[in-house]
Amino acid sequence: MGSLVLGFQEMEKTQLLLVGGKGLNLGELSKIQGIQVPEGFCITTAGYQKAIEQNETFQALLDQLTMLKVENRDQIVVISRKIRQIILEVEIPSDVVKAVADYLSQFGDEHAYAVRSSATAEDLPYASFAGQQDTYLNIIGKEAILHHISKCWASLFTDRAVIYRMQNGFDHSQVYLSVIVQRMVFPHASGILFTADPITSNRKLLSIDASFGLGEALVSGLVTADCYKVQEDNIVNKMIASKKLATYALKEGGTETVPIDPDQQKTQTLSDQQILQLALIGRQIEAYFGCPQDIEWCLVDDTFYIVQSRPITTLFPIPEANHQENHVYVSVGHQQMMTDPMKPLGLSFFLLTTPAPMRKAGGRLFVDVTPHLASPVKREMLLSAMEQHDPLMKDALMTVLERGDFIKSISNDEKAPSASRNHTDMLAETENGPTIVTDLIKSTQTSIEELKQNIQTKSGSDLFHFILEDIQELRKILFNPQSSRVFMGAMNASSWINENINKWLGEKNVADTLSQSVPNNITSEMGLALLDVADVIRPYPEVIDYLQHVKDDNFLDELVKFEGGQKTRDAIIAYLNKYGMRCSGEIDLTKTRWSEKPTTLVPMILGNIKNFEPNASNQKFEQGLQEALKKEQEILDRLKQLPDGEQKAKETKRMIDLIRNFIGYREYPKYGMVSRYFVYKQALLKEAEQLVQAGVIHEKEDIFYLTFEELHEVVGTNKLDYQIINKRKDEYKLYEKLTPPRVITSDGEIIAGEYKRENLPAEAIVGLPVSSGVIEGRARVIINMEEADLEDGDILITSFTDPSWTPLFVSIRGLVTEVGGLMTHGAVIAREYGIPAVVGVENATKLIIDGQRIRVHGTDGYIEIL
């Protein structure tokens with residue numbers, strides 16, 4: 001049953017389940033040369049288990065607790081209280097009592113001790129559990145220490161600890177508690193040292209919080225601490241707080257909080273020399289554990305004692321690089337409107353598809369833009385592309401450049417492409433004008449049909465070679481220069497129109513209105529097509545009633561029982577045949593597609609039936625078209641009144657034609673890519689079925705946790721170390737909790753951008769204007785598309801929208817997203833549907849509360865809470 005009590009020096013690295021996270025870390029700390037750790041010992045989890053294992057009432061209550069969910073707060077409170085009472089009354093096993101007495105006599109019975117909880121699910125890489133269990137300071141005498149050991153055991157079942165475990169998916173019966181008994185030190189000062197700055201995540205910047213007395217006052221929020229920042233061997237920042245209180249230990253046991261002498265309140269807690277000495281200790285501990293640490297320290301006389309060190313779990317990982325030079329990385333997710341983590345198979349497909357220099361971190365992709373920033377010519381191109389994509393990224397990159405020394409500039413630069421030959425000119429010269437788009441679409445469609453035919457005959461290793469070849473075809477289509485010319489030309493024409501019409505006529509963002517209801521936009525057509533599906537179903541009340549209670553994805557087969565059911569089924573299947581490869585986060589091949597889970601569409605179809613009259617799709621398209629044509633005529637008439645007006649009108653007409661003929665194609669390449677991804681996925685899932693039957697994997701979806709190359713090998717050998725799958729599932733859960741940065745450096749520093757704006761109302765929430773107009777309405781904060789319950793006229797507030805959200809756009813009057821830029825999907829569709837939109841609004845889903853009335857200023861880029 002393992003040792004019941006272990007001294008710090010006796011612990012082994014493998015004993016997490018015996019001594020818990022905190023105990024294990026203290027055991028490791030006490031082995032580092034030159035690091036002072038107050039001596040102590042651990043009552044192991046074996047001691048805890050021995051105390052409770054025979055208690056039937058405890059086991060029965062634990063079983064009841066396991067049945068509950070976070071929502072059952074009242075029952076949790078009652079059962080947890082009963083469990084705590086049982087643990088407090090349980091007799092501590094005699095061999096545990098004897099071992100505790102032995103250690104105390106060894107270290108000195110007369111001394112005061114800290115009695116601290118150390119749970120097995122604590123200070124782990126995936127969950128910190130910090131502060132969930134109790135600690136007691138300055139406990140004197142064997143009886144008092146034994147009593148507080150029981151209190152620590154009981155704290156495993158405080159309400160907050162129980163709820164935290166439920167939220168993080170830990171089984172109550174599998175989490176045990178060890179108790180640390182450690183010699184008290186009576187510090188002049190104490191605090192916390194982070195070896196990576198917790199605000200910016202910069203791994204080169206140490207952050208020290210320091211206050212007088214014991215650290216408890218600091219941890220419990222009673223006092224504001226001094227904060228010192230150290231980089232390399234320099235103190236780069238000091239904030240001296242007004243420290244009004246301090247907690248000290250009492251001679252007879254326990255602690256007291258006392259006011260600090262007014263003369264001392266604003267003095268620096270640590271001297272500069274002590275700050276630098278502590279920073280060195282921090283770096284030594286970090287090097288020993290191999291990752292950034294959150295360290296608790298005490299200063300007694302002139303000696304620093306370390307009383308805890310745990311990994312910092314909230315830092316975003318640094319993208320991996322092959323060498324030591326400085327790098328700057330920008331998030332792919334913020335450009336692709338998908339900031340969720342991707343599973344390994346999804347990541348490897350995206351990496352096979354793109355030629356950009358990509359790096360992985362935290363389940364996301366980043367582009368290494370260092371070479372672009374180093375080259376004056378490429379730098380300009382990158383910054384101007386970022387201006388279109390995401391101005392916050394551009395501002396963050398400017399911050400890096402302004403530092404001057406982070407990226408070395410290269411002087412002998414290649415020549416810039418001639419600015420005079422821009423995409424707009426090249427496009428306008430193309431002889432077959434508007435038919436370019438239909439030709440490009442047709443060739444993509446033909447290619448996808450051929451792929452669907454040819455892939456059916458492939459399996460095993462042949463399939464993987466075939467997919468790799470086909471990805472070359474996909475790349476050819478995606479990066480076809482003619483294709484880029486089409487949408488870049490239209491985007492340049494939009495910028496030209498906005499700039500010149502504002503200059504000549506004083507009207508902002510005219511291109512927004514001019515690009516409503518353009519032809520060939522596969523994504524906006526998808527939203528309108530779902531209105532047509534609603535039209536088919538609207539006359540059949542039985543079908544509508546059935547759809548309101550649908551839970552199962554086989555619902556399509558059941559439909560035929562009802563009047564109108566066959567028509568409904570045909571309409572939904574036709575829709576899925578054209579758009580069923582789409583879904584939220586669709587750049588990740590592993591995400592569930594609409595064809596795989598058609599119930600996703602049901603709430604949107606029902607919303608369309610409720611919110612719209614028949615034939616709404618044609619009316620919406622026609623209304624947008626009339627507004628665009630009317631605006632075009634009005635602009636051209638006004639221009640003709642100006643000096644040189646005929647020429648201005650002629651140039652403007654040419655640009656309007658470019659927008660209307662070509663901007664719709666902007667959405668097509670991604671549709672083509674996602675269509676191919678779905679064909680690949682279906683073929684790979686067939687291989688996964690074989691692996692399940694052969695007992696190599698447990699379920700088909702396990703293949704999502706392997707890269708393309710690894711899966712190829714597993715299919716070839718029929719062998720797999722299943723630990724890989726489990727480890728990656730755990731990692732994915734951790735990645736889901738992380739928020740990816742827009743821009744991160746090789747120091748791990750997250751650089752945030754800002755909008756530079758003047759003359760806005762004081763309380764304005766600022767973002768990027770991407771679709772003109774001002775609209776008031778009810779805010780609906782929606783994180784998952786499946787949960788959308790929209791009324792006609794609501795304003796959608798969400799983290800990001802990719803094409804799969806488009807069917808919701810027909811119901812909304814305004815759009816606000818946390819991520820996005822001028823040419824990202826949500827912005828393009830919002831303009832085409834004539835919906836005012838503001839994107840790139842940091843923390844919009846937290847700043848705006850569901851149900852609030854708000855006003856969205858789509859022309860000037862801000863939101864007011866009314």
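Computation of the quantities below employed the complete heavy-atom set of this structure, encompassing side-chain atoms and omitting hydrogens, waters and symmetry-equivalent molecules. Here, residue 1 is the first one in the sequence, and each next residue gets the next number.
Heavy atoms from other residues, nucleotides or ligands lying under 6.0 Å from CD of Q472 number more than 12. By the neighbour-count criterion of 12 heavy atoms within 6.0 Å, atom CD of E473 is densely surrounded, having more than that number from other residues, nucleotides or ligands. Counted within 6.0 Å of NZ on K360, heavy atoms from surrounding residues, nucleotides or ligands total 12 or fewer; the atom is thus considered open.
Using a 4.5 Å cut-off on side-chain heavy atoms (C-beta onward), D644 and Q647 make contact. Looking only at side-chain heavy atoms (C-beta outward), Y668 and N520 stay at 4.5 Å or farther from each other. Side-chain contact between T513 and K630 is absent, with no heavy atoms from C-beta onward closer than 4.5 Å. Inter-residue side-chain proximity for H857 and P769 is flagged as unmet; no heavy-atom pair is nearer than 4.5 Å. Side-chain contact check for I477 versus S483: every heavy-atom pair is 4.5 Å or farther apart. The shortest side-chain heavy-atom distance between R359 and L365 does not fall under the 4.5 Å cut-off.
Pairing each heavy atom of Y671 with each of K578, the nearest pair is OH-O, 2.7 Å. Listed here is the closest heavy atom pair of P614 and R538: CA-NH1, 3.6 Å. Minimum interatomic distance between T354 and F479 (heavy atoms only, all atoms of both residues): CA-CZ, 4.4 Å. Of all non-hydrogen atoms in I609 and A534, the two that sit nearest each other are CG1-CB, 3.7 Å. Contact between I663 and S515 at its shortest, heavy atoms only, is CG2-CB, 4.2 Å.
Using modelled atom types, no side-chain atom of T824 and backbone atom of G826 make a donor-acceptor pair closer than 3.5 Å. Distance alone, capped at 3.5 Å, places no donor-acceptor pair between the R660 side chain and the L629 backbone. A donor-acceptor contact shorter than 3.5 Å links the side chain of S771 to the backbone of I835. At distances below 3.5 Å, not a single donor-acceptor pair connects side-chain atoms of S375 with backbone N or O atoms of H372. For the pair N454 (side chain) and E450 (backbone), a donor-acceptor distance under 3.5 Å is present. No donor-acceptor pair under 3.5 Å is formed between the side chain of R780 and the backbone N or O of I812. The backbone N or O of G672 sits nowhere less than 3.5 Å from a side-chain atom of T444 that would complete a donor-acceptor pair. Put simply, the side chain of T370 gets close to the backbone of V328: a donor and an acceptor are under 3.5 Å apart. Under a 3.5 Å cut-off, the side chain of N509 and the backbone N or O of D512 do not form any donor-acceptor pair. With hydrogens and angles ignored, the 3.5 Å screen pairs no side-chain donor or acceptor of R364 with any backbone N or O of M338.
Salt bridge present: E634 and R638 bring a charged side-chain N and a carboxylate O closer than 4.0 Å. A salt bridge between K620 and E832 is absent, with no side-chain N of the basic residue lying under 4.0 Å from a carboxylate O of the acidic one. We find that E842 and R742 are joined by a salt bridge, their nearest charged nitrogen and carboxylate oxygen being less than 4.0 Å apart. For the pair D340 and K591, the salt-bridge criterion is met [side-chain N within less than 4.0 Å of a carboxylate O]. Between R654 and E651, no side-chain nitrogen of the basic residue sits less than 4.0 Å from a carboxylate oxygen of the acidic one, so the salt-bridge criterion is not met. Note on D570 versus K567: no salt bridge recorded, every NZ/NE/NH1/NH2 to OD/OE distance being 4.0 Å or above. Taking 4.0 Å as the cut-off between side-chain N and carboxylate O, D390 and K394 do not count as a salt-bridged pair. Under a 4.0 Å N-O distance rule, the pair R676/D470 qualifies as a salt bridge. Ionic pairing of E596 and K681 is present here: one or more N-O contacts between side-chain nitrogen and carboxylate oxygen are shorter than 4.0 angstrom.
Remark: I829 CD1 to T806 OG1 distance equals 5.0 Å, nearest 0.5 Å. Note that the CG atom of L514 and the CG atom of D657 stand 10.5 Å from one another [nearest 0.5 Å]. Here the straight-line distance linking atom NZ of K631 with atom CD1 of I501 works out to 10.0 Å at 0.5 Å rounding.
No hydrogens or angles considered: nothing links the side chains of S494 and R831 as a donor-acceptor pair under 3.5 Å. Using a 3.5 Å distance cut-off with no hydrogens or angles, the side chains of Q626 and E622 do pair a donor with an acceptor. Counting only N and O atoms by type, the side chains of Y833 and S517 include no donor and acceptor under 3.5 Å apart. Looking at D637 and Q633, their side chains do bring a donor and an acceptor atom within 3.5 Å of each other.
A cation-pi arrangement, defined by a distance under 6.0 Å to the six-membered ring centre and an angle within 45 degrees of its axis, is absent between R582 and Y579. K343 forms no cation-pi arrangement with F704, by the criterion of a distance under 6.0 Å to the ring centre and an angle within 45° of the ring axis.
Separation of the F708 and F349 ring centroids falls under the 6.0 Å cut-off. With ring centers used as reference points, Y665 lies 6.0 Å or more from F662.
Residue pairs satisfying the salt bridge (charged side-chain N to carboxylate O under 4.0 Å, His left out) criterion with at least one member in residues 796-823, sequence neighbours excluded, are absent. Within the structure, the salt bridge (charged side-chain N to carboxylate O under 4.0 Å, His left out) test picks out no pair touching residues 661-675 (sequence neighbours left out).
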Inset, instruction - Let me see the working for E787 and N784 under side chain to side chain donor-acceptor pair (under 3.5 Å), right down to the final yes or no. - result: CA-CA 6 Å; E787 292 159 17; N784 296 319; 3.1 Å; yes
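Applying the side-chain contact (heavy atoms from CB on, under 4.5 Å) rule to D792 yields the partners N611, F612; only residues at least two apart in sequence or on another chain are considered.
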